[in-house]
Amino acid sequence: EPEVTQTPSHQVTQMGQEVILRCVPISNHLYFYWYRQILGQKVEFLVSFYNNEISEKSEIFDDQFSVERPDGSNFTLKIRSTKLEDSAMYFCASSGGFGNQPQHFGDGTRLSIL
Amino acid sequence: GESVGLHLPTLSVQEGDNSIINCAYSNSASDYFIWYKQESGKGPQFIIDIRSNMDKRQGQRVTVLLNKTVKHLSLQIAATQPGDSAVYFCAEKGSGNTGKLIFGQGTTLQVKP
């Protein structure tokens, strides 16, 4: 069964440094998402992306965040200058549409900011 | 505002019993709902979805019920197994056709052997 893959599984970074989280969505999906989950809390929407454009972003997704589809298979989330409060699990998801179609999630990247 | 919530943080059931996990949502205009299962160290795994034009949908050992009158969603798991132990989240499609999902707080299902 096709799946979303994310790398790395764990990223440890000094505060103020830039990080790039990588995702390979399901191959025939065109709609991509990033979510985050702080330990023990619910999953929170960050951004949705289609046709090389952001469709919606949340309040969390401030100017320090950016997304990119650098090629036909990867989807990345960049945090320019990390803060302690960015520590969380970051999940990538993809779907076949924005309508009533399920999003399939990767197993996440645990981001730890020191 | 938009919010989705679950009634109980933890549900403990005996192996072989049926489980019912509940969820309340606030946006009466929501037209699509999903249940996810999250095991420790993993991402949310799609279980079943339902559109607002349906009251009930069945999958393999799972049934989702939607009551739009009281804005309530439930997940029923038949003959619960130890492998069903996980955190279960309901999610609601946000307003606007941008794919945003709004997740509830999650219910931890513990299956006792």
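Letters go in sequence order (proteins before strands), and every chain restarts at 1. Quick caveat: nothing in here was measured; it's all calculated off a predicted structure.
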Contact origin within [X] toward chain B - heavy atom pairs under 4.5 Å:
{"X": "Tyr50(A)", "answer": "neither"}
{"X": "Gln37(A)", "answer": "side chain"}
{"X": "Tyr33(A)", "answer": "side chain"}

Which region of [X], side chain (C-beta onward) or backbone (N, CA, C, O), has a non-hydrogen atom less than 4.5 Å from a non-hydrogen atom of chain A, or is it both or neither?
{"X": "Leu101(B)", "answer": "both"}
{"X": "Gln38(B)", "answer": "side chain"}
{"X": "Asp49(B)", "answer": "side chain"}

Task: Main-chain N/O of Ile60(A) paired to Ser58(A) side chain as donor or acceptor, under 3.5 Å - done: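 Yes, the answer is positive, given that a donor and an acceptor are paired below the 3.5 Å cut-off.
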Open item on the list: Heavy-atom pairs under 4.5 Å with chain B: which of Ser48(A), Pro102(A), Ala93(A) has the most?
Closed with: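 Max contact count across the listed options: Pro102(A).
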TODO: Select, from Met89(A), Glu44(A), Gln101(A), the one with the greatest count of heavy-atom pairs under 4.5 Å involving chain B.
DONE: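 So the answer, after comparing Met89(A), Glu44(A), Gln101(A), is Gln101(A).
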Task: Between Thr13(A) and Thr82(A): side-chain donor-acceptor atoms closer than 3.5 Å - done: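 Thr82(A) and Thr13(A) do not have a side-chain donor-acceptor pair below 3.5 Å.
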Task: Side-chain heavy atoms of Gln110(B) within contact of Thr10(B), under 4.5 Å - done: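 In contact.
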Task: Contact check, side chains of Glu18(A) and Lys78(A), non-hydrogen atoms, under 4.5 Å - done: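 Touching, per the 4.5 Å side-chain cut-off.
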Open item on the list: Between Tyr35(A) and Tyr90(A), is the ring centroid distance below 6.0 Å?
Closed with: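 For Tyr35(A) and Tyr90(A), the ring centres are not under 6.0 Å apart.
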Open item on the list: Ring centroids only, cut at 6.0 angstrom: are Phe103(B) and Tyr36(B) within range, meaning strictly under it?
Closed with: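 Yes.
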